[in-house]
Q: 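Here's a structure for you.
As a basis for the values below, the full set of heavy atoms in this structure was taken, side chains included, without hydrogen atoms, waters or symmetry mates.
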Amino acid sequence: ILVKNKEKNTFYLMSVGEKSSVLGIGDKDPESDYIKLDCPEDLEFASIHGYRESAAAITKDGQLYMWGKNSKGQLGVKSEDHSEFNKPTLVEFFKDYKVLDVSIGVDHSLVLATHSSQPDKKLVFGCGENGKGQLGIEKNENGSFAEIQFFNGKNPKKVVCGNECSFVITETEWKGITFEGTTCVKTGQSPIEDILIFSKEGQRVKYWSMEGATKDESLPLICWATHNSIDNLSSKEFPSVKAKDYLDTSKQLIFEC
C-alpha cells in the first residue's frame, strides 16, 4: 500500500503477507503487521500497482520501480542470476522517460510514458511473456521493454493488462462530421455539421441542424438523429414508428441511428 507521512508530507510503501518477493521487503522476515518496503528513504512515490506475484510503483518524478516475480522478464529488469527481485528495483530503461501509468498481468507488463525530448508525445511499452500476442508486437527480447509502435499518434491515455491480454485506452478530439448536400429547413444552414436530425416520409427526407430542431415549433413528432455519415439516406429503410405506440406524445421523439 501507499502510505502518507503527515509530518514530512511524503508517501512511502508498506506491505504485509506471507513471505514472498512481491512484498518488496528484501531479506527481512514478514511480520503480522505492515512493514516498510526496502527502498531508499529519499524516494517519493505517487502510485503503486500490483497483480499476483509482481508489483510496481511510480515516483513523483516519473521513475518506475518494479519487484517480485520476473520469470518471464515482466519487470523489465535484466538479470542473469535472478528470476525474482525481493525489493523495489529501478527500471533503468525509463531513466530518460517520465512514466505515467503501469499495469501488470500474469507474466507481462505495460507502461505508458513520455520521453524527455518529447514530453507531449505519449508512448506505450510492453515487456514479458508474449506467447498469446499480449505485447502487441511480433517479438520481444526477454527482460527488456519494447515500444508498441501501433499507438504512435493515437494519444494513448491508460494501459491495462488482463491475465494474458492487454488493453490501451486512447483519447481523441471530436472533430465533428459535415453532412454534404443537406440544408436545415429552419435556419438554412448548409451543409449541416456534427449532428443531423431528419424526418422521413416515404422517400421524402427533411433535415434539421440541432439549432434548427430546437427552434422549429413545427418539428415532426417523430424524428431521427445521427452523428455518423449515412450514404443515400433517402433510400434507407428505417423501422416504422408511430406516435400512438407511445403513452406520452406531448414531446417530439428523436431516435438516434
Side-chain angles (χ1 to χ4, degrees), residues 97-98 100-101 103 110-115 117-126 130 132-138 146-162 164-257:
Y97 293 82
K98 181 177 182 179
L100 306 174
D101 191 24
S103 184
L110 293 179
V111 169
L112 179 67
T114 58
H115 194 272
S117 63
Q118 293 180 295
D120 295 328
K121 184 179 181 181
K122 296 178 182 178
L123 305 172
V124 178
F125 299 86
N130 196 34
K132 300 293 180 64
Q134 53 265 56
L135 298 186
I137 54 179
E138 291 185 2
E147 182 185 349
I148 306 175
Q149 296 186 356
F150 174 84
F151 294 102
N152 280 347
K154 292 182 171 61
N155 196 21
K157 184 179 180 181
K158 185 173 180 59
V159 293
V160 180
C161 289
E164 296 180 321
C165 59
S166 299
F167 307 86
V168 176
I169 300 173
T170 61
E171 186 175 30
T172 57
E173 182 180 354
W174 171 251
K175 296 182 179 180
I177 292 178
T178 298
F179 298 93
E180 298 293 344
T182 61
T183 301
C184 177
V185 298
K186 181 64 177 179
T187 65
Q189 178 185 341
S190 180
I192 297 172
E193 298 178 344
D194 296 336
I195 297 177
L196 178 68
I197 298 173
F198 63 94
S199 69
K200 194 169 185 292
E201 297 179 6
Q203 298 301 310
R204 184 185 179 190
V205 182
K206 289 185 177 181
Y207 304 107
W208 289 264
S209 64
M210 180 61 75
E211 180 186 5
T214 303
K215 294 180 177 180
D216 197 343
E217 296 180 355
S218 61
L219 186 72
L221 186 62
I222 296 176
C223 295
W224 297 87
T226 181
H227 52 72
N228 298 305
S229 178
I230 299 179
D231 295 330
N232 302 319
L233 191 61
S234 61
S235 65
K236 300 295 183 183
E237 294 295 331
F238 293 90
S240 176
V241 182
K242 298 180 180 179
K244 65 181 180 63
D245 294 333
Y246 295 84
L247 296 176
D248 183 6
T249 58
S250 61
K251 297 182 180 179
Q252 282 83 9
L253 304 173
I254 298 180
F255 298 90
E256 184 176 347
C257 60

Q: Could you tell me whether the side chain of L196 reaches within less than 4.5 Å of the side chain of W224, counting heavy atoms only?
A: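 No. Closest side-chain heavy atoms not under 4.5 Å.
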Q: If you take all heavy atoms of L110 and V160, which pair is closest and at what distance?
A: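 So the two residues come closest at CD1-O, 3.8 Å.
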Q: Below 4.5 Å, heavy atoms only, C-beta onward: do I197 and M210 meet side chain to side chain?
A: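 I197 reaches M210 side chain to side chain.
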Q: With K132, which residues qualify under side-chain hydrogen bond (donor to acceptor under 3.5 Å, both in side chains), at least two apart?
A: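 E164.
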Q: Who passes side-chain contact (heavy atoms from CB on, under 4.5 Å) against N155, sequence neighbours left out?
A: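 Expected list: K122, E171.
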Q: Side chain of D101, backbone of A113: donor and acceptor closer than 3.5 Å?
A: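 Pair absent, no side-chain N/O of D101 close to backbone of A113.
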Q: Might you point out which heavy atoms bring K158 and L112 nearest each other, and give the distance in Å?
A: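 Closest approach of K158 to L112: N-CD2, 4.0 Å.
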Q: Are side-chain heavy atoms of Q189 and T182 found at a separation under 4.5 Å?
A: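 No, side chains not in contact.
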Q: Please identify which of these residues, L100, V168, L123, meets the side-chain contact (heavy atoms from CB on, under 4.5 Å) condition with P156.
A: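 The passing option is V168.
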Q: Does a side-chain heavy-atom distance below 4.5 Å link F125 with I148?
A: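 Not touching, per the 4.5 Å side-chain cut-off.
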Q: Run the side-chain contact (heavy atoms from CB on, under 4.5 Å) test against T178 and tell me which residues pass, sequence neighbours left out.
A: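 T178: side-chain contact (heavy atoms from CB on, under 4.5 Å) contacts with E180, P191, E193.
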Q: Carefully, step by step, assess V205 and Y207 under the rule side-chain contact (heavy atoms from CB on, under 4.5 Å).
A: CA-CA 7 Å; V205 182; Y207 304 107; 3.5 Å; yes
Q: Write down the atom of G188, the atom of T183, and the distance for their closest heavy-atom approach.
A: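 The answer is O-CG2, 3.8 Å.
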Q: Name all residues meeting the side-chain contact (heavy atoms from CB on, under 4.5 Å) criterion together with K206; count only those two or more places apart in sequence or in a different chain, and write none if there are none.
A: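 For K206 the side-chain contact (heavy atoms from CB on, under 4.5 Å) partners, ignoring immediate neighbours, are V185, S199, R204, W208.
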Q: What is the distance from atom NZ of K157 to atom CZ of F151, rounded to the nearest 0.5 Å?
A: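 Going from the NZ atom of K157 to the CZ atom of F151 covers 15.0 Å.
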Q: Just to verify, what does E211 make a side-chain hydrogen bond (donor to acceptor under 3.5 Å, both in side chains) with, not counting sequence neighbours?
A: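 So E211 forms a side-chain hydrogen bond (donor to acceptor under 3.5 Å, both in side chains) with K215.
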Q: May I ask you to check whether over 12 heavy atoms, not counting those of K98, lie within 6.0 Å of atom NZ?
A: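 It does not: K98 NZ has 12 such atoms or fewer within range.
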Q: Nearest 0.5 Å please: distance from the CZ atom of F179 over to the OG atom of S190.
A: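 Between F179 CZ and S190 OG, I get 13.0 Å after rounding to 0.5 Å.
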Q: Which pair of heavy atoms, one from T114 and one from K121, lies closest together, and at what distance?
A: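 T114 and K121 have their closest heavy atoms at CG2-O, 3.4 Å.
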Q: For E147 and I137, which heavy atoms make the closest approach, and how far apart are they?
A: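 Distance-wise, the nearest heavy atoms are O-CG2, 3.8 Å.
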Q: Considering all heavy atoms of both residues, which atom of T187 and which atom of G212 are nearest to each other, and what is their separation?
A: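 Result for this residue pair: CG2-CA, 3.7 Å.
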Q: Please list, chain by chain and in numerical order, all residues satisfying side-chain hydrogen bond (donor to acceptor under 3.5 Å, both in side chains) with K154, sequence neighbours excluded.
A: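 Here no residue qualifies.
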